[in-house]
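Written out below as structure tokens is the structure these notes cover.
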Amino acid sequence: MGRILGIFCFVLAVIVTAPLTFAAPGAVRCGQLLDVRSGRMLADQLIVFDTNGTITALGPAASTSAPNGAVAIDLSSATCLPGLIDVHTHLTGDPNSSGYQGLGISVPREAIIGAKNARLTLRAGFTAVRNVGASGYTDVALRDGIDAGDIEGPRMLVSGPPLGITGGHCDDNLLPFEYHHKAEGVADGPWAARAKVRETVKYGADLIKICASGGVLSKGDQPGTPQYTLEEMQAIAEEAHKLGRKVAAHAHGTQSIKDAIRAGIDSIEHSSLIDDEGIALAKQHGTYLVFDIYNDDFILQEGAKAGMLPESIEKEKKIGRLQRENFRHSYQSGAKIAFGTDSGVYPHGDNAKQFGKMVEWGMKPIDAIQAATIRAADLLGWSAKAGALEPDHYADIIAVSGDPLSDVRVLESVKFVMKNGAVIRNDFSAK
Ligand SMILES: [Zn+2]
């Protein structure tokens, strides 16, 4: 009996782990395929990939052959797109444990929350994320666990603890003085901030996240108020770039956005109170703007239940609509926009709900999709391998029913997910 159980467990283990660790050469046949670069919808396409999970060929099914007679996965009733990318996630964050409720969550528990959310995010069609802030390097462990095939999740670039000033948005201000508590990323002054960049890189960060201005979910500050100075941000950007890392700056405030861009920061997160000068500077410097315009509704409707402080709800009421208006204005002004949602503030796996908001606030569906594919890949530094279905790119493929160019909300119901040539889910085969 024990041996039978053992064999059963072995078989089960192979079935469960195989898609995570081994990719077979193969092909996917798509009824429709969105070329995200041109915005053209192509009919009846075959995508061929090798044992490394890299796309080797792509073209009309009639004239493209699968390798060694491999049977193509039949998605002839579906529309294929490249795997989506969210450039602003907090996979180790639990949306139901904000404010004081979050103090009861240990670092090991946070890592396990991350494992759950990585799976939810991948299965929602997001095959890559940039994670911008986590405690105890849980994001580094999560990234490495996914890369090793231990757990299921998207490709990750991670920041480790976000850098910020004492008492700022990236500090932890919930406890009184006698607890002598501060967040891991607190660093004041240019040299302390440089040292913190070095420390964060030492422990595995792929990028640096900083807090340039106050925020919504922190205690005792205001989103519009500057926190890091221009001088501090210049030191951070120079040190990070020297070490081959990009920098993402949380910045709601008008002045902080401009200081961060002038300091050479690579992306502005939230961008809520950006003005015309800020937009012009972003265009001039090639800085990406990220607007998390879906989660406002969640904060106002569910935030109090989730433990968010009353002051956070009040701050959101003041800033949410302005952020959406400035998103529309920045888009119409031709600024570079990447798709980032701040998942963890709202439930993981709902990332695609932001597409509908972006279109509602003036963006064309193809531009919203580009923000989550080729633009996001560019911000991550992954243009040569992710964000498009092309030879030499990862076989990271998703499929939906319907046409996302006429109804972008079909991306909220992704039915097929492939990562690196391995099928993660295929709801089309169930029929
Ligand atoms: Zn965030």
Side-chain angles (χ1 to χ4, degrees), residues 85-99 102 105 110 113-114 117-118 121 126 129-135 138-139 142 154 156-164 168-173 183-185 200 205-219 221 223 227-228 246-253 256-257 260 265-273 288-299 302-303 306-309 312 315-316 319-320 323 327 337-351 353-354 357 372 376 379-380:
I85 303 170
D86 189 333
V87 305
H88 191 129
T89 66
H90 300 279
L91 292 188
T92 63
D94 177 0
N96 298 310
S97 299
S98 284
I105 296 180
E110 186 180 319
I113 289 168
N117 294 329
T121 303
F126 287 79
V129 303
R130 191 181 65 154
N131 206 74
V132 286
S135 301
T138 46
D139 50 354
L142 191 58
M156 292 181 77
L157 286 184
V158 305
S159 72
L163 277 56
H169 178 66
C170 284
D171 196 356
D172 189 350
N173 309 320
E184 298 151 42
T200 308
D206 302 301
L207 73 140
I208 303 301
K209 164 80 181 295
I210 69 166
C211 282
S213 80
V216 171
L217 299 184
S218 40
K219 185 179 174 189
D221 64 354
Q227 293 191 347
Y228 265 140
K246 291 189 178 184
V247 186
H250 158 110
H252 290 284
S256 297
I257 290 168
I265 300 300
D266 301 278
S267 69
I268 304 299
E269 311 297 310
H270 310 295
S271 316
S272 308
L273 303 176
Y288 270 99
L289 304 179
V290 178
F291 294 86
D292 52 325
I293 59 170
Y294 163 67
N295 66 46
D296 313 17
D297 296 344
F298 182 84
I299 292 173
E302 306 291 333
M308 288 176 192
L309 304 173
S312 294
K315 285 190 264 187
E316 182 59 46
I319 209 166
Q323 186 194 33
F327 161 77
I337 293 174
F339 181 99
T341 65
D342 220 354
S343 68
V345 169
Y346 70 89
H348 298 272
D350 284 353
N351 312 55
K353 288 187 176 175
Q354 185 167 290
K357 276 287 162 214
L379 176 54
L380 266 55

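Position 1 is the first residue of the sequence, and the numbers go up from there. In each ligand, atom 1 is the first atom listed, and ligand 1 is the first ligand listed. What you see is a predicted model, and the numbers here were worked out from it, not measured in a lab.
- Note: His250 and His270 have perpendicular aromatic rings, judged against thresholds of 30 and 60 degrees for the angle between ring planes.
- Not a single N/O/S atom of His270, whether from backbone or side chain, sits less than 2.8 Å from the Zn ion (ligand 1).
- In summary, an N, O or S atom of His88 is located under 2.8 Å from the Zn ion (ligand 1).
- Taking the six-membered ring for Trp, Phe298 and Tyr346 have ring centres at least 6.0 Å apart.
- Among the heteroatoms counted here (N, O or S) of Asp342, OD1 is the one nearest to the Zn ion (ligand 1).
- Counting heavy atoms from C-beta on, the side chains of His252 and Val216 come closer than 4.5 Å.
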- Could you go through the side chain to side chain donor-acceptor pair (under 3.5 Å) check for Ser218 and Asp221 one step at a time? CA-CA 7 Å; Ser218 40; Asp221 64 354; 2.8 Å; yes
